[in-house]
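See below for the structure under consideration.
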Number of protein chains: 2
Amino acid sequence: MVLFADLDEQDFSAIHTPIDDLEFKKGSTLYDRSSRSQGIYTLRTGMVKLVRVTADGRQRIVRILRPGDVVGLEVLTSPCYDSDAVALTEVSVCRIPVDVIFKLGANNQRLHLKLMQKWQQTVKDADDWLADLNFGTARQRVSNLMLKMRSPDDPEMTTIFSRDDMGAMLDLKMETVSREINQLMREEVIEQLDRLGRVYRIRNSELLMTN
Amino acid sequence: MVLFADLDEQDFSAIHTPIDDLEFKKGSTLYDRSSRSQGIYTLRTGMVKLVRVTADGRQRIVRILRPGDVVGLEVLTSPCYDSDAVALTEVSVCRIPVDVIFKLGANNQRLHLKLMQKWQQTVKDADDWLADLNFGTARQRVSNLMLKMRSPDDPEMTTIFSRDDMGAMLDLKMETVSREINQLMREEVIEQLDRLGRVYRIRNSELLMTN
DNA sequence: CGAGCGCTTGACCGGCGTCAACACCCGTGG
DNA sequence: CCACGGGTGTTGACGCCGGTCAAGCGCTCG
């Protein structure tokens with residue numbers, strides 16, 4: 001209940017339309033650009049990637065969403081979504097139809113404030129993504145991604161993605177991503193914790209930052 | 001009056017705080033990250049760049065704003081700005097104190113809708129910027145920038161920036177930008193119209209798009 | 001055990017960065 | 001009027017980072 005955290009009882013009684021709790025499997029798409037609006041989603045657990053296809057047919061990941069983020073805000077003012085949303089892990093979300101937002105929002109100042117905060121966070125995330133992950137050498141990009149994907153409750157842990165996805169995030173080729181990660185491991189800056197190459201421990205965050 | 005286009009007389013009478021019309025010279029900064037919020041700006045004429053400084057001290061331009069855009073929306077929910085805003089040309093803006101927005105918004109549904117549309121446009125612009133201008137070869141990036149900066153009322157005309165600024169937008173070095181532009185001119189895809197290298201005519205937009 | 005997928009690693013190549021020289025525009029001052 | 005200097009843009013030579021192509025490894029699942 002990211003958006004409704006501090007609504008009154010009476011606010012809730014105004015809701016007649018159902019709010020669905022949904023689960024998505026790893027790899028399944030919550031929505032794509034062609035689909036009509038089915039509402040906005042608040043992300044409870046898991047990670048979601050927002051994907052666009054460039055003019056020349058390649059995939060570009062424009063942002064990663066994590067628990068607490070809102071997915072698909074754009075349909076509040078637009079009939080369709082701006083990108084595809086694909087689950088990177090098992091994902092559980094809460095889907096809220098657009099008209100529920102408008103009914104509640106009609107005379108609810110606090111919801112407007114919460115929405116505005118979500119918009120602001122989205123813009124900031126987008127700008128951060130551009131400034132931190134798409135600038136500089138391959139090594140800098142990979143380092144910054146490892147830092148950005150740290151676990152909120154244990155900043156030594158970080159979990160990343162398939163090498164292909166990382167390429168689409170950082171504008172690098174899979175092979176380059178692989179090389180940089182293994183280089184960081186040889187230098188003992190990071191340490192692999194699983195067998196699949198997704199979970200790492202950061203042993204020297206200083207060095208990652210000053211790359 | 002981008003935001004207040006369809007407000008009632010009575011809405012306006014609620015405003016006591018002054019709304020300033022301001023002018024900025026080319027190169028002057030409207031605000032920077034350290035400055036306290038002085039309100040949001042609607043851009044009437046000219047162009048503004050939003051700039052961030054990366055960890056390693058280089059400048060990154062995250063977006064260009066043009067007439068009709070709103071500058072500094074983030075201070076509606078945050079005490080300070082997320083980036084520096086610098087005038088790329090002579091600029092005239094309309095500055096609206098934050099509390100005016102809140103006073104008007106308290107019971108004005110249409111203003112909320114307008115604001116939401118501005119937020120959505122901002123996110124879309126940010127994502128477009130990432131997907132179109134920071135992906136692919138130098139030639140593709142320069143081509144896409146020329147397309148994005150076309151004049152709204154004459155799509156054959158496009159006006160760009162200093163080579164250094166273009167580098168900070170596209171994550172390329174000045175020299176590379178210069179080479180690509182001159183290459184496009186030799187191929188007669190574009191044609192320079194001024195002596196400073198800012199205004200061009202697009203002679204073959206097909207070719208620019210399919211690069 | 002073998003097929004298939006994702007990841008790693010090596011060899012090679014090309015595009016972009018680096019460094020430097022130079023052209024051009026403009027303002028200033030002689 | 002020209003001489004000069006600084007800022008911006010262009011162009012060339014060269015080197016290196018990251019892309020390309022290909023082989024091989026290690027899982028997982030049939």
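Under 4.0 Å is where a charged nitrogen must lie from a carboxylate oxygen, and between B/Asp132 and B/Lys148 at least one such pair does. The pair B/Arg203-B/Glu187 does not count as a salt bridge, with every side-chain nitrogen at least 4.0 angstrom from each carboxylate oxygen. We find that B/Asp82 and B/Arg63 are not joined by a salt bridge, their nearest charged nitrogen and carboxylate oxygen being 4.0 Å or further apart.
Taking atom CE of B/Met174 as the reference point, atom P of D/dG12 lies 15 Å away to the nearest angstrom.
Phosphate proximity of D/dT28 to A/Arg195: present, with a side-chain N or O under 4.0 Å from OP1 or OP2. Phosphate contact (OP1/OP2 of C/dG6, side-chain N/O of A/Ser162, threshold under 4.0 Å): absent.
Checking C/dT8, D/dT8, D/dG19 against every side-chain atom of A/Leu172, the shortest atom distance belongs to D/dG19.
Applying side-chain contact (heavy atoms from CB on, under 4.5 Å) to B/Leu208 and the options B/Asn144, B/Leu145, B/Leu147 leaves one that passes, B/Leu147.
Within 4.0 Å (heavy atoms only), A/Arg179 reaches at least one base atom of the nucleic acid.
In the model, A/Gln117 has no side-chain atom that pairs as donor or acceptor with a side-chain atom of A/Gln121 under 3.5 Å.
Each of A/Leu196 and A/Ala138 was assigned the nucleotide of DNA chain D with the nearest heavy atom; the assignment lying further toward the 5' end belongs to A/Ala138.
Rounded to 10 degrees, the angle separating the terminal helix axes of the helix from C/dC1-D/dG30 to C/dG30-D/dC1, each built from five base pairs, is 20°.
A cation-pi arrangement is present between A/Arg58 and B/Phe135, with the terminal nitrogen or guanidinium carbon under 6.0 Å from the aromatic centre and inside a 45° cone about the axis.
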